[in-house]
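Here is the naming used below: chain letters follow the sequence lines, and residue numbers restart at 1 for every chain. Just so you know, these numbers come straight off a predicted model, no measurement behind them. Scope of the values below: all heavy atoms of this structure, side chains included, with no hydrogens, waters or symmetry mates.
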Number of protein chains: 2
Amino acid sequence: MHPPEYMTPEPRSISLEKSQDSRDGILKAGIGLFARRGFHETSMSEVAREAKVSKALIFWHFKTKEELFLAVLNRLLEPYFIDFAEEVGILDERAQLRKLVQSYLLFIRDNAASVRFFLGQLLHGEKVPEELATQVMKLYDAYRELMIGIVRRAQDKNLCSRDIAPEAAAGFMVSALNGSLIGFLFTTGGTTDELDRAVTMLEEWLFRDPAPRSAEGGKAVA
Amino acid sequence: MHPPEYMTPEPRSISLEKSQDSRDGILKAGIGLFARRGFHETSMSEVAREAKVSKALIFWHFKTKEELFLAVLNRLLEPYFIDFAEEVGILDERAQLRKLVQSYLLFIRDNAASVRFFLGQLLHGEKVPEELATQVMKLYDAYRELMIGIVRRAQDKNLCSRDIAPEAAAGFMVSALNGSLIGFLFTTGGTTDELDRAVTMLEEWLFRDPAPRSAEGGKAVA
DNA sequence: CCAGTCGCTAACCTACCGGTCAATGAGCAC
DNA sequence: GTGCTCATTGACCGGTAGGTTAGCGACTGG
């Protein structure tokens, strides 16, 4: 079996290093081409040309085109994670919401290309191998779960209306964010103003009437 | 020049009728295959097989594969229009909003496949020939314009808060709808419950505090 | 009845696709 | 040096893609 199934933690020799380099170069080229043109529009010869290696080498590193594509998707998904756990306890729920939402926006801004690619691929169906699709879905659910937590805590502290279930409220907010997202993805050179507007609107929406019966008026954060 | 550039309003002969029939059959097959598998995954031979004609006939009707694809997109867009003008005057703004939103949902429900296809294609870029993209955008803008009108009238009648500009409110609501839409598109066998929930939420959101200073409490529609 | 067009097809063409393979150079162990 | 494995390549293969062409039967106009 020629291709190394798993890389050793530290490179043992120059050859292995070079091997990893070429593999990375191929992956890099694949990322660019697949994201720009999609799976079927991209040929292995193009990837080879872009990576400046022979086509055969690609098939030495990756058994099939699908395997390369899978590796590309995996690498694209690497930055998809949530780093929200820290320093959140000291913020009130309103600030927590703002922070969570902004982390969403920041992520979108930084990964617009791959998000667009991945979303298109998911919509198109079939070419995303379940495993990755569920991975994305899990991430999505985790995000919504964070938001549910915020809403629940805000309701407990009577910071916002208790009329709607936290799950429904969070689901709605995430949907609204997604909607703004696709609006953003379609304005190619676009500003993030629309996104920012959605953020403040969601904030106002969630914290619109804090105390249904209590007489104490809440101090609004400017 | 073999292929008829434009069809005559009424078929002059049996031959022309048959020609239109076969053309329609090809288009129909193309719609199914392109929508199910995308542009590059679909071969002309497949279309020919599905339409039960020879491949050459397709190239007789449509000069290239791109031209067939374009015709398919055009036909897919045919049901994309807004029939909202009628009988709207007699409804109050709340009911108007509900009706407008429901027409959106209904449309999505009926055209889920083609919406998914078109959205994926737009996200993927490149394969949608500007002309059609702007057509869709115009439709989108028209819809938002309708919503802006509703919000503005509701504000004039003091039915809802005047804190936000109608454009911003409408934009937000359309975004929220779009977000719910993609949520719906991803749940394959999915229910429309999530969509319906978003609808009521948007309604509650827009008409949350009708009279900022007036003492008269509004009667809520159950 | 005959010429011409229309609708249509089988067979064909070229280019390129994903994928294979034999060969080869470079580093490493002995 | 002599092997040995690893990384890499150019040449090649069968299959299929989009597209072309020569021609055939069925109508149509004169």
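The shortest distance between the side-chain N/O atoms of B:S22 and the OP1/OP2 oxygens of C:dC8 is below 4.0 Å. For the pair A:H61 and D:dT8, the criterion of a side-chain N or O lying under 4.0 Å from OP1 or OP2 is met.
Cation-pi geometry between A:K99 and A:Y104 is not met: the NZ or CZ atom fails to fall both under 6.0 Å from the ring centre and inside 45° of the normal.
When distances are taken from the side chain of B:M44 to each of D:dT20, D:dT9, D:dG18, the shortest belongs to D:dG18. When distances run from any side-chain atom of B:W60 to the nucleotides D:dT9, D:dG19, C:dC8, the shortest one goes to C:dC8.
Ring centroids of B:F117 and B:F34 are separated by 6.0 Å or more, keeping the two rings apart.
The separation between A:L57 atom CG and C:dG19 atom P is 15 Å, rounded to whole Å. Taking atom CZ of B:R49 as the reference point, atom P of D:dA17 lies 8 Å away to the nearest angstrom. Put simply, CZ on A:F59 is 14 Å from C1' on D:dC12, counting in whole angstrom units. Residue B:K55 contributes atom NZ, which lies 10 Å from atom C1' of C:dC13 at whole-angstrom precision. A straight line from CD of B:E41 to P of D:dG18 spans 11 Å, rounded to a whole angstrom. A straight line from CD of B:Q20 to P of C:dC6 spans 14 Å, rounded to a whole angstrom. Per the geometry, CD belonging to B:E67 stands 10 Å off P belonging to D:dG19, to the nearest Å. We find that CG of B:D24 is positioned 14 Å from P of C:dG7, with the value rounded to whole Å.
Comparing A:T42 and A:A56 by the nucleotide of DNA chain C whose heavy atom lies nearest to each, the residue mapping closer to the 5' end is A:T42.
Here the straight-line distance linking atom CZ of B:F184 with atom CD1 of B:I108 works out to 8.5 Å at 0.5 Å rounding.
For B:K65 against D:dG19, no side-chain N or O and base N or O form a donor-acceptor pair under 3.5 Å.
Contact annotation for B:S43: backbone-only contact, meaning every heavy-atom pair under 4.0 Å involves sugar-phosphate atoms and none involves a base.
Electrostatic pairing of A:D24 and A:R75 counts as a salt bridge here, judged by a charged N lying under 4.0 Å from a carboxylate O.
The main-chain N or O of A:Q135 is never found under 3.5 Å from a side-chain atom of A:Y140 such that the two would form a donor-acceptor pair.
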